[in-house]
Protein chains: 2
Amino acid sequence: MKETALCPRLSKAMELIGKRWTALIIYQLLEGPQRFNAIESALPISGRLLSERLKELEKEQIVERKVYSEVPVRVEYTLTDKGRSLEGAVREIETWAQNWT
Amino acid sequence: MKETALCPRLSKAMELIGKRWTALIIYQLLEGPQRFNAIESALPISGRLLSERLKELEKEQIVERKVYSEVPVRVEYTLTDKGRSLEGAVREIETWAQNWT
DNA sequence: TACAGTTAGTTATTTAAAGTAACTATAACT
DNA sequence: AGTTATAGTTACTTTAAATAACTAACTGTA
């Protein structure tokens, strides 16, 4: 993506959390750690995209991936501090949506 | 887009303001009314997409379009009350970005 | 031994959105 | 007649998202 002279920080943040499904995944993880299937069931997202998004969020250190070698394998996704710190922004958007839509 | 059972309101809001460029356009308009060219210059967005986004935002009553029949024509875009009410959310994201990126 | 079930994905293909560049209408100015 | 300016539009290419089918690893059952 091109850079904006306007506000590179906002731009970068929007590129990340404005990406489709990202905010909803974070919203879902605010409930607590979740397994891959749980997130997939909570949202109308496919495994393909969920996998892609979780990788991006992991790379940005917004979520943490924990693998439990059970059978079948269990993988849990948890918000990091950085991830949890997005709660305010997500709640603001939620509140706005309640008041204006 | 499919509906999410999770939080249709957040989902709807993110579909709108999470759309590429939308948050940055609103951020820019928080400075005050702006002409088409001014927004286009402030962001690395093309006329094609800016036009498309502004139409969407006008339809959602987040921005208002005013035409002044001067030569050449002047078109100004202003945030409505609904649009200005997004300031809190945008600032939250900006603050998060400052603290965590 | 062979087959179904479970989780957490991946691969392949189609469809939608975004990026890029060139073009248009209108009117003044040279 | 040709140039400049604003606010777009049109045509085309590239990237991202949606959809569906498939895979690996292991268990439990017939």
Side-chain angles (χ1 to χ4, degrees), chain A residues 1-6 10-26 28-29 32-60 63-78, chain B residues 1-6 8 11-26 28-29 32-60 63-78:
Chain A
M1 177 201 179
K2 278 191 208 159
E3 279 302 306
T4 171
L6 176 60
L10 179 61
S11 180
K12 174 106 197 312
M14 285 311 300
E15 230 182 299
L16 180 66
I17 72 159
K19 210 157 190 175
R20 194 160 199 190
W21 303 114
T22 301
L24 291 168
I25 291 167
I26 291 165
Q28 180 66 17
L29 288 177
Q34 312 258 325
R35 313 177 57 163
F36 189 90
N37 266 359
I39 306 171
E40 198 178 3
S41 303
L43 302 170
I45 191 178
S46 67
R48 187 204 156 293
L49 269 188
L50 180 55
S51 175
E52 195 175 298
R53 286 296 175 277
L54 286 170
K55 272 183 196 161
E56 291 163 4
L57 290 171
E58 202 191 346
K59 197 174 149 210
E60 295 288 335
V63 306
E64 196 186 347
R65 182 175 184 270
K66 282 181 201 150
V67 181
Y68 299 90
S69 300
E70 302 170 359
V71 171
V73 68
R74 179 161 61 102
V75 182
E76 270 189 3
Y77 292 89
T78 314
Chain B
M1 177 197 179
K2 276 194 209 158
E3 279 304 306
T4 171
L6 176 60
S11 179
K12 174 107 199 308
M14 284 312 300
E15 232 182 299
L16 181 64
I17 73 159
K19 210 157 192 175
R20 196 160 197 188
W21 303 116
T22 301
L24 291 167
I25 291 167
I26 291 165
Q28 180 66 17
L29 289 176
Q34 312 258 324
R35 312 177 57 163
F36 189 91
N37 267 358
I39 306 171
E40 199 178 4
S41 303
L43 303 170
I45 190 178
S46 66
R48 185 202 155 295
L49 269 188
L50 180 55
S51 176
E52 195 174 298
R53 285 298 175 274
L54 287 170
K55 273 183 195 161
E56 291 163 5
L57 290 172
E58 202 190 344
K59 196 174 149 210
E60 295 288 335
V63 307
E64 197 185 347
R65 182 176 183 269
K66 283 182 201 149
V67 182
Y68 300 90
S69 300
E70 299 170 2
V71 171
V73 68
R74 180 161 61 102
V75 181
E76 270 188 4
Y77 291 90
T78 315

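Just so it is clear: chains get the letters A, B, ... in the order the sequence lines come, proteins before strands, and each one is counted from 1.
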Tell me which nucleotide among D/dT19, C/dA8, D/dA7 gets nearest to the side chain of A/Asn37. C/dA8
Gap between atom CG of B/Leu29 and atom CG of B/Leu57 - 0.5 Å precision: 8.5 Å
Find the distance A/Lys66:NZ to C/dA8:C1' and express it as a whole number of Å. 18 Å
Counting only N and O atoms by type, is there a donor-acceptor contact under 3.5 Å from the side chain of A/Arg20 to the main-chain atoms of B/Gly18? no
Could you grab the distance from atom CH2 of B/Trp21 to atom CG of B/Leu49, nearest 0.5 Å is fine? 8.0 Å
OP1 or OP2 of C/dG9 less than 4.0 angstrom from a side-chain nitrogen or oxygen of A/Tyr77, does that happen here? yes
Taking CZ from A/Arg35 and P from C/dT7, how many angstroms apart are they, rounded to a whole number? 6 Å
Nearest-0.5 Å distance that lies between atom CG in A/Leu24 and atom CZ in A/Arg53: 11.0 Å
Between C1' on D/dA20 and CD on A/Glu40, what's the gap in Å once rounded to a whole number? 13 Å
Would you indicate what B/Tyr68 reaches in the nucleic acid, counting non-hydrogen atoms under 4.0 angstrom: base, sugar-phosphate, or nothing? nothing
Within this structure, what is the CG-to-P distance between A/Leu54 and C/dT10, rounded to whole angstrom? 11 Å
Measuring from atom CD1 of B/Ile17 to atom CD1 of B/Ile25, what distance do you get when rounded to the nearest 0.5 angstrom? 12.5 Å
Rounded to whole Å, how long is the line connecting atom CD1 of A/Ile45 with atom P of C/dT10? 13 Å
Among D/dT6, C/dA8, D/dT9, find the nucleotide with the atom closest to the side chain of A/Val73. C/dA8
Does a nitrogen or oxygen in the side chain of A/Lys55 sit under 4.0 Å from OP1 or OP2 of C/dA8? no
Do A/Glu40 side-chain atoms and A/Gly47 backbone N/O form a donor-acceptor pair below 3.5 Å? yes
Nucleotide pairing, DNA chain D (Watson-Crick or G-U, distances under 3.5 Å), in dot-bracket with [ ] and |: ||||||||||||||||||||||||||||||
Starting at the 5' end of nucleotides 22-30 of chain C, put B wherever the base has a protein heavy atom under 4.0 Å, S where only the sugar-phosphate does, and a dash everywhere else. -----SS--
What is the distance from CZ of B/Phe36 to C1' of D/dA7, rounded to the nearest Å? 6 Å
Between the protein and nucleotides 15-17 of chain D, are there any N/O to N/O pairs under 3.5 Å, and if so, what are the atom names and distances?
residue: D/dA17; atom: OP1; partner: A/Arg53; partner atom: NH2; Å: 2.7
residue: D/dA17; atom: OP2; partner: A/Arg53; partner atom: NH2; Å: 3.0

Result of checking B/Arg65, B/Gln34, B/Lys66, B/Gln28 against B/Tyr77 for side-chain hydrogen bond (donor to acceptor under 3.5 Å, both in side chains): B/Arg65
When you compare the side chain of B/Leu54 with that of B/Phe36, does any pair of heavy atoms fall below 4.5 Å? yes
For B/Gly47 and for A/Ser51, find the nucleotide of DNA chain C with the closest heavy atom, then tell me which residue's nucleotide is more 5'. A/Ser51
Is the shortest side-chain heavy-atom distance between B/Val63 and B/Ile26 below 4.5 Å? no
Decide yes or no for B/Glu60 and B/Glu56: does some side-chain heavy atom of the first lie under 4.5 Å from some side-chain heavy atom of the second? no
Just how far, in rounded Å, is P of C/dT7 from CG of A/Leu50? 14 Å
Can you give me the closest heavy-atom contact between B/Lys19 and B/Glu15, atom names plus distance? CB-O, 3.7 Å
